[in-house]
Structures are given as C-alpha cells and as structure tokens.
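Because only heavy atoms are used, hydrogens play no part in the values below, and waters and symmetry mates are left out as well, while side chains stay in. This one's a predicted model, so the numbers in the text were calculated from it and none came from an experiment. A note on names: the letters A, B, ... follow the listed sequences, proteins ahead of strands, and every chain is numbered from 1.
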There are 2 protein chains.
Amino acid sequence: MTEFAVHHVPTRRRAGRPPQALLSSARITKAALKLVSHHGYKGLTMAALAKSLNVAPSALYNHVSSKQDVLLLVEDHLMGRVEVCAFATEPWDAAVAKWARSYRDVFAAHLPLIPVIALLPVTNAPATVTMYEAVTQGFLAAGWARESIIDAVVALESFIYGSAYDVNAPEDIFDVGSLASEAPDFSAAVAHRGNPDAAAAIPRNDADAAFTLGLQAMIAGLAATAGPRK
Amino acid sequence: MTEFAVHHVPTRRRAGRPPQALLSSARITKAALKLVSHHGYKGLTMAALAKSLNVAPSALYNHVSSKQDVLLLVEDHLMGRVEVCAFATEPWDAAVAKWARSYRDVFAAHLPLIPVIALLPVTNAPATVTMYEAVTQGFLAAGWARESIIDAVVALESFIYGSAYDVNAPEDIFDVGSLASEAPDFSAAVAHRGNPDAAAAIPRNDADAAFTLGLQAMIAGLAATAGPRK
DNA sequence: TAATCTAAATGAACGACATTCATTTAGTGA
DNA sequence: TCACTAAATGAATGTCGTTCATTTAGATTA
C-alpha cells in the first residue's frame, strides 16, 4: 500500500496506546450486533469484530476476556428489548403472554445466545436483572407468593428457549422420508397438522401455532397450580 | 488389541483398503458415545474419535460427511433411550409425564445435541421416528384429534429442551451480585425460592421443582385446551 | 518535574480443529 | 482380466480463539 500519500489513505496506526481510546464495552457490543445482523453468528469472529472496529484482534482482549464475554455483552443488550411494560398495565395472564412472546421473538433471532443465557449467572448483566425485576413485580402484584415465582418464571423461560429453537426449524423437520411406512400414525398427524381436512394447504405458521398453544396451556396451568389463592 | 505379535506392538497399518472394514456407522456411534461419556463434548473431536477407533481422522469421512453427521448418529441412538412404554399402559397424563421426564433426563446429559434435534429433519433418524410414532399413538389412543397432536408435542418438546438446559445451570445463576439493590423484589424471590420461611436451607433440586411445576401446568393446560372432548 | 505504574494499542505466533486431497490397497462386477 | 469402487493413510490447508512481547500514552506518586 501507499504509506504517506496525499489522499487520506487508511493510516496505519503504529503500536502503542492511542491518545483516544478506540474500544469500550459499548462499542464492542454495538459492533458485534451490527456484525450479527449482517452476517449472522457465523460471521461473528474475533477477527471480523476487530476489523469492523479498525483494530487488531488482540486489542479486544484488553476489554473482554473471551469471546464468551462478547456474547454475554450482546445477550444483556438484547434483554433490554424484551417487553415487560405489560406487567404494569395489563392483567397477569395477558402480561405474561406478551412478555413471553417478545422474549421468544428476540432470541429466536439470536439462537447461539440461548446456551449463554441459560447457563451463565446474571451477575454483571444489568439489563437482564432489570427484566427479571419487572417480571417479579408483575407476579407479586397479581398476588403470587414469593416462594413460587422463580420456579414459575424458570418453567416459562424453559418453554420460551425451546420455542425459540422451533422458530428456526425447517418446514420439513418432520418429513419421515423412506421411514413413513414404519410410522403411519405419526406421518398422518404430520400431514394433517393444523387442519382436519385433507391437505387443504391452509397457510399457517406452525411454530406460532405450537407456541400459542403451549403458552396458553402453561399460563392457565400455572395460574391453577401455583397462582394466587382466590 | 494385540494382533499376532508377541509383545503388543501397535502395528502401524499401511495405506490402502484393509481386508476387513474397520469402520461403520454403528462403530462410530459407539465410539463417539464412549468418548462423550468419558470426556464430555469438548472431548469429542474428529481426531480423538479417529484415535479411539485406531484410524486416521480422514478415514471417518468415508462413513460420515461431517462432524454434524456424527452428532446426528449419536442423537438418534440416544432417542432410543427415551421411555415411551408408558403410553401403552398408563393414562395419557401420566404417560406424558413419564415420557417428558425421561426425554429431559437423556438430553440434559447431552446438551450440545439439542440444536441438532431441534433444527434437523428426522429423515434418516429411525429411532427418533419410532419415538414419535409411539407418542402419536398414545395421543390418539387418548382421544386426541389428529390435527392437534403435533402442535401439542412440539410445545411439550420446547419445554423439555429448555428444561434440559436448566438442569445444567449453575446453582448461583440468579445471584445478582452488586446489582441487588436495583432488584429488591427479584432478589427476595430468589432468596425465598421454594420455601416461605427465611433461608431455612431446605435441600431442594431447583431444576426439578421448576420442571415438575411447568410440566404439570402444561399437561393440565393442554388437556383442557386441545385434548379430547369429554 | 521526573520516575513509575498502568491502560491500551500492534503484530507475530501458537495450538486446536474440521476438512480436503493425492495416493495406496483390496474387494467386486462386467 | 480389467476397470471400478470402497476404504484406508498421511500430508496439507484454512479458520479461529487466544497469548505474549513490545510500544506508546496517560495517570500517579515521590
């Protein structure tokens, strides 16, 4: 490349601490999110992240201790997009439904984060804690006993994570192929999923149908089993 | 082990097709399972798998097309361990509960397979298809309408996958650390999870409690919403 | 003010790991 | 008998996360 040409060549920065810090947790998070939205999680590599920030890969390690750490930053940022406002305005069951759906929608677009959320402590994840606080308050306001809330929330979250995967399942996930003859009842159930008639080709979002069914069932069941005494 | 040398010298095999095939899908599956049970999924590398089969890594690619393929083999094998026998002998809700619990237990020990199960078509996964057939028959026998079964099973599976993650969550996953002051209600709910008294230190499996609660809720809810007309 | 410490960058290097390819050898079918 | 295919070896490749010595600049302290 040209070194010190007249036209603004991407000036090669020399080694050493720059006058102005180039990186920060916030900048790394933002760049990671942009990278993911453009190229998916396979495009989120430490090298690509560094490049998008115009920095050497090793520079990232002054601000995060590992790639997992980057994922945690992204996860916590996304938790802020989960809608909890309904807990302040709507009845418990409607609020839970709204919260659960937005939760699922956010992470259906970020599947690789699910192991991170499900397995890492919430310490140092402020947005995540804020989300849980709002949900807890919603349960308390509806009359739930303190000791039952976390179990109920965990049960709901388990369903939400699994449903986020299901959103990304291919349409033909239940195609039995050559094994059809050995699973006639299952094949028939798959063929008639959602409509009793013969294959009438009704447009239908299978993942949404299963999610709605399961969510309604769990909300009703939780209210009956562990909800507030009437 | 020893060929026909007196002292078991690891006889170096020369290149070329051996008189007896060394590999097969079944042998690869078995070796992968043994590797995983001894060293976990981080120990399941193509190199380690090849070594455990006393073969060069590249030899594996004559039998599987990728590591994903190996995971699929393992997944289908494990599906055979999911208990479906209760569908033939017990009432629907008890059978579903038994099936769900064994399903969760099997894959809680094999978390990295969950994306594989949740996202890959069941074609060429005979044990998986067999499992679904038994479950479908159980629903039909209980009077479920053909068109509702798959949605209900998918909803249950979503909950099961999420619950499998929860089994592996660390105890302190809800430790808010320094953020406690900003989430008082949530912190209190975490502290009193499972028992109304002050921290009485009752021995308790949190993951099991949440699973049982959610499972009962969903089973009851599904029966009421989409189950057979009485 | 000078010396020291720490923060934040570069760039080279490393070690896993999955995968590919040329090559070799042994059965199989025409 | 001859071509073809199946199944192995071994070398090589490319991607990726991570580490480390080094450099520079700001912050702290004597």
Side-chain angles (χ1 to χ4, degrees), chain A residues 1 3-4 9-32 35-36 39-75 112-113 115-116 120, chain B residues 3 9-32 35-36 39-75 112-113 115-116 120:
Chain A
M1 309 288 184
E3 290 291 338
F4 41 130
V9 176
T11 56
R12 173 86 106 278
R13 201 178 6 258
R14 64 184 202 278
R17 178 178 181 169
Q20 275 254 79
L22 302 170
L23 297 180
S24 67
S25 290
R27 262 190 274 246
I28 291 172
T29 307
K30 204 177 151 192
L35 214 50
V36 165
H39 305 99
Y41 277 86
K42 78 163 182 33
L44 179 56
T45 67
M46 295 302 272
L49 186 54
K51 185 162 219 176
S52 81
L53 287 159
N54 192 30
V55 137
S58 52
L60 295 168
Y61 289 86
N62 289 319
H63 300 263
V64 297
S65 63
S66 65
K67 185 178 179 181
Q68 272 275 325
D69 233 35
V70 175
L71 294 181
L72 188 61
L73 287 174
V74 173
E75 183 257 294
L113 295 183
V116 179
L120 253 61
Chain B
E3 294 286 340
V9 178
T11 56
R12 174 86 107 277
R13 200 181 6 258
R14 63 183 203 279
R17 177 178 181 170
Q20 274 255 78
L22 302 171
L23 297 179
S24 67
S25 291
R27 263 190 273 244
I28 291 173
T29 306
K30 202 177 154 193
L35 215 49
V36 165
H39 304 101
Y41 276 87
K42 78 164 180 36
L44 180 56
T45 67
M46 295 303 272
L49 186 56
K51 185 162 217 174
S52 81
L53 287 158
N54 193 30
V55 138
S58 52
L60 295 169
Y61 290 86
N62 288 320
H63 300 264
V64 296
S65 63
S66 65
K67 186 178 178 180
Q68 273 275 327
D69 233 36
V70 175
L71 295 180
L72 189 60
L73 287 175
V74 173
E75 183 258 294
L113 295 183
V116 179
L120 253 63

Query - Value in whole Å for how far the P atom of D:dT15 lies from CE of B:Met46 - result: 19 Å
Report summary line: From CG of A:Leu22 across to P of C:dA9 the rounded distance in Å is 5 Å
**Report entry** N or O in side chain of A:His63 less than 4.0 angstrom from C:dA7 OP1/OP2
**Finding:** no
Query raised in the report: How close do B:Ala31 and B:Ser52 get, heavy atom to heavy atom, and via which atoms?
Result: CB-OG, 3.7 Å
Report task. Specify the separation, in whole Å, of atom CD of A:Gln68 and atom P of D:dG17. Result -> 12 Å
Query - Heavy-atom pair with the smallest gap, counting every atom of B:Leu23 and B:Ala59 - result: CD1-O, 3.7 Å
**Report entry** Residue met sooner reading DNA chain C from 5', once A:Ala56 and B:Ala48 are mapped to nucleotides
**Finding:** A:Ala56
Query - Rounded interatomic separation in angstrom, taking NZ from B:Lys67 and P from C:dA16 - result: 15 Å
**Report entry** Between C1' of C:dC17 and NE2 of B:His39, the distance in whole Å
**Finding:** 17 Å
Query raised in the report: Could you state the interatomic distance from OG1 (A:Thr45) to NZ (A:Lys67), rounded to the nearest 0.5 Å?
Result: 6.5 Å
Query raised in the report: How would you label the contact of B:Ala59 with the nucleic acid (heavy atoms, under 4.0 Å): base, sugar-phosphate, or nothing?
Result: base
Query - B:Lys51 NZ to D:dA8 P, straight-line distance once rounded to whole Å - result: 18 Å
Query - Closest nucleotide among D:dT9, C:dT10, C:dA18 to the B:Thr45 side chain - result: C:dA18
**Report entry** Contact nearer the 5' end of DNA chain C, comparing B:Gln20 with B:Ser65
**Finding:** B:Ser65
Report summary line: Rounded to whole Å, CG of B:Leu60 lies from C1' of C:dC21 at a distance of 16 Å
Report summary line: Of the candidates D:dA8, D:dA25, D:dG17, the side chain of A:Arg14 sits closest to D:dA25
Report task. Specify the separation, in whole Å, of atom CG of A:Leu23 and atom C1' of C:dA9. Result -> 9 Å
Report task. Ignoring the backbone of A:Arg13, work out which of D:dA7, C:dT10, D:dT24 is nearest its side chain. Result -> C:dT10
Report task. Check A:Val36, A:Leu35, A:Val55 against A:Leu49 for a side-chain contact (heavy atoms from CB on, under 4.5 Å) and give me the one that passes. Result -> A:Leu35
Report summary line: Of the candidates D:dA25, C:dT25, C:dA9, the side chain of B:Arg17 sits closest to C:dT25
Report task. Using a 4.0 Å heavy-atom cut-off across all strands, classify B:Ser58 as base, sugar-phosphate, or nothing. Result -> base
Query raised in the report: For the base of D:dA8, is there a side-chain donor-acceptor partner from B:Asn62 under 3.5 Å away?
Result: yes
Query raised in the report: Below 4.5 Å, heavy atoms only, C-beta onward: do B:Leu22 and B:His63 meet side chain to side chain?
Result: no
